[in-house]
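First up is the structure itself, then whatever we jot down about it.
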Amino acid sequence: MIRTIQKDGSTLDLEENSEELKKIFWHTTSHILAQAVKRLYPNTKLGIGPAIENGFYYDFRVERPFTEEDITKIEEEMKKIVKEDIPLERSELSREDAIKLMEEKGEQYKVELIKELPEGETISFYKQGEFIDLCAGPHINRTGKVKALKILSTSAAYWKGNQENDSMQRIYGISFPKASQLEEHLKLLEEAKQRDHRKIGKELDLFMTHELVGAGLPMYLPNGATIRRILERYIQDKEIELGYKHVYTPSLANVELYKTSGHWDHYKDDMFPVMKMDNEEMVLRPMNCPHHMLIYKNATRSYRDLPIRIGELANDFRYENSGAVCGLERVRQMCQNDAHLFVRPDQIKEEVGKVLNLIKEVYQKDFGFAETSFKYRLSLRDKNNKAKYIDNDEMWETAEAQLREILKELKIDFYEAEGEAAFYGPKIDIQIKTALNHDVTIPTCQLDFALPERFDLTYVGEDNKEHRPVVIHRAILGTSDRFISFLIEETKGLLPTWISPVQVKILPISDNQINYAEEVCKKLRKNDIRVEVDSSNEKIGYKIRKAQLEKVPYMLVLGAKEMETTSVAVRSRKTGDVGQMKVDEFVEKIKEEIETKEK
RNA sequence: GCCACUAUAGCUCAGUUGGUAGAGCAACGGAUUCGUAACCCGUAGGUCAGCAGUUCGAUUCUGCUUAGUGGCUCCA
């Protein structure tokens, strides 16, 4: 049990490994961090130091940024403070006294925080030895309870998260009541690194980058390109089944197109700069909606034609911050699995429902991703940030309510997030956590009443009058690039057979079986199986090890015995030696596995 | 874009008071023809990311550029 000092000053004993204690424990460690920093660098100004999902951080305004040596020293000082086993004491001050105290200490940011506290709010401080900090608590009662701590990383951060404000130095760390818990945590971090798609992508020759091509511009190697081709064919086939029509549109457009759509005002800073031609100004497109709007407009549409579903695997270009690009997860050229559904208002519910069902079919049925690996998010506008969103309160209220209703009707668990909508409308996003704990969107389904207006889209209704359609923007794989990064991390590179770039590797034991190996290879290839022969002059153990590291689902070991009986000795990546069977039997089995998309 | 860090052979990485570089794997050659996770011997491979500066001399020190890593901001 560990004693804590609660917000009202009372004490409460909590279990060492309880979730409740975790955050309190980390928060106190952030105070220890701040105390260590103030001891070593007294002129540092304190920002805030909360517990986070995994550990804690503290922001400091520093005279010069901390170097690695500084960080080592700070960590040592923290351990000293732990050894000193200092008790924490809570106290309250009036607003005036609190401001006075913090002004005396030169803590300008704390003064700012106090001034922002609502009238009547209790202003409490926590003191440990010579160090005192404005803090609501709760805290653990002694610094000595922190048996294991580690500073994990540093970063620049802006005061109150605003780029216009002062830049602070942020230090991240983690701590535990037991040393073994820290070891366990570090092990988990190490495991996450092992399934990082950039690491696996290199090991399996999936993609590469080159500084002559540029940041955020990966190139797909044959193995990665095969994965991408399979996925793109797969999703387009699904869409065709559901009545989508696919188009091709250019990656370039006149800048006027984006002025018409409204994207220019909202996002020109995130687009590649304009290319001036003789008479026109061209830009690389950051999204495909405007092109598809024009395709809709290319004909007179009847209410009977709707919904019209226009799909495209389209390359888009976004000038992502250099610090934001990351492997295949965040790139500057991406291939969107995009589609725009033009629907009548009375068709919204059904069409959004169909999109959500398709997402479910892909993510749960076909790929079998664990339900814990993604969350549905209803992304709403930020009502206080009018400039960022199209100004039409009624539209927003209706659209947001409609999406919420559909989610509830389909009994989908979701959470709501303000300020995450597109400028033209609310979205249902599916958020996933990457190996690096980044929260990113993959599939998305967005409701849009604005672009139809902007482009003056119409259909002729039953009443022979013109009506305005609604547009649903949706992406199932999100982008091919990000989907592949997710797929790699979820499977740790052990791709299901139907997506594996090489599904079977044939391993002749000696040169005597090479001809037979070629024969078997031909047969498999005729059955659309992706197969390779390893005819290198190596022992069978070596060939198996190599294929195993390449994560090939099946190895066929061919020796004299197999040749005599026109059979193959099958070895599975997962379960090892499976035994001998006739070639035809193996073909049937693997075809069945591919057909059913076995996990 | 911001802060810190990093860049050595195809890959993973050594290389300290500044004197132009190594290992393992991969590649290539030879020997071997082998039964379920690494056979042996040999050879070749580097403008030490790029550009400039300091120095008699720079992989090593300094600056800039490019790319990457961890975060921040951003993510239509």
If you look at every strand shown and take non-hydrogen atoms under 4.0 Å, does A/Ile540 touch a base, only sugar-phosphate, or nothing? sugar-phosphate

Under 4.0 angstrom between A/Arg198 side-chain N/O and B/G68 OP1 or OP2: no

Going by the salt bridge (Lys or Arg N to Asp or Glu O under 4.0 Å) test, which pairs reach into residues 322-343 of chain A, not counting sequence neighbours? A/Glu320-A/Arg330

Reckon A/Ala547 touches a base, only the sugar-phosphate, or nothing at all at heavy-atom distances under 4.0 Å? nothing

Heavy atoms under 4.0 Å, any strand shown: does A/Gly216 hit a base, just sugar-phosphate, or nothing? sugar-phosphate

OP1 or OP2 of B/G70 under 4.0 Å from side-chain N/O of A/Lys193: no

Touch class at under 4.0 angstrom, heavy-atom based, for A/Glu68 against every strand present: sugar-phosphate

Each nucleotide of nucleotides 71-76 of chain B classed B (base within 4.0 Å of a protein heavy atom), S (only sugar-phosphate) or -, in 5' to 3' order, makes BBBBBB

Which pairs count as side-chain hydrogen bond (donor to acceptor under 3.5 Å, both in side chains) when at least one residue sits in residues 255-264 of chain A, sequence neighbours excluded? A/Ser261-A/His263

Angle class for the A/Phe486/A/Phe483 ring planes (parallel below 30°, perpendicular above 60°, tilted otherwise)? perpendicular

Under 4.0 angstrom, heavy atoms only, what part of the nucleic acid is A/Glu562 near: base, sugar-phosphate, or nothing? base

Hey, is A/Glu397 close enough to A/Arg381 for a salt bridge, meaning N to O under 4.0 Å? yes

Using a heavy-atom cut-off of under 4.0 Å over every strand shown, decide if A/Gln169 touches base, sugar-phosphate, or nothing. sugar-phosphate

How are the rings of A/Tyr220 and A/Phe207 set relative to one another: parallel (under 30°), tilted (30 to 60°) or perpendicular (over 60°)? tilted

Taking CD1 from A/Ile544 and P from B/A37, how many angstroms apart are they, rounded to a whole number? 6 Å

With heavy atoms under 4.0 Å as the rule, sort A/Lys543 into base, sugar-phosphate or nothing. nothing

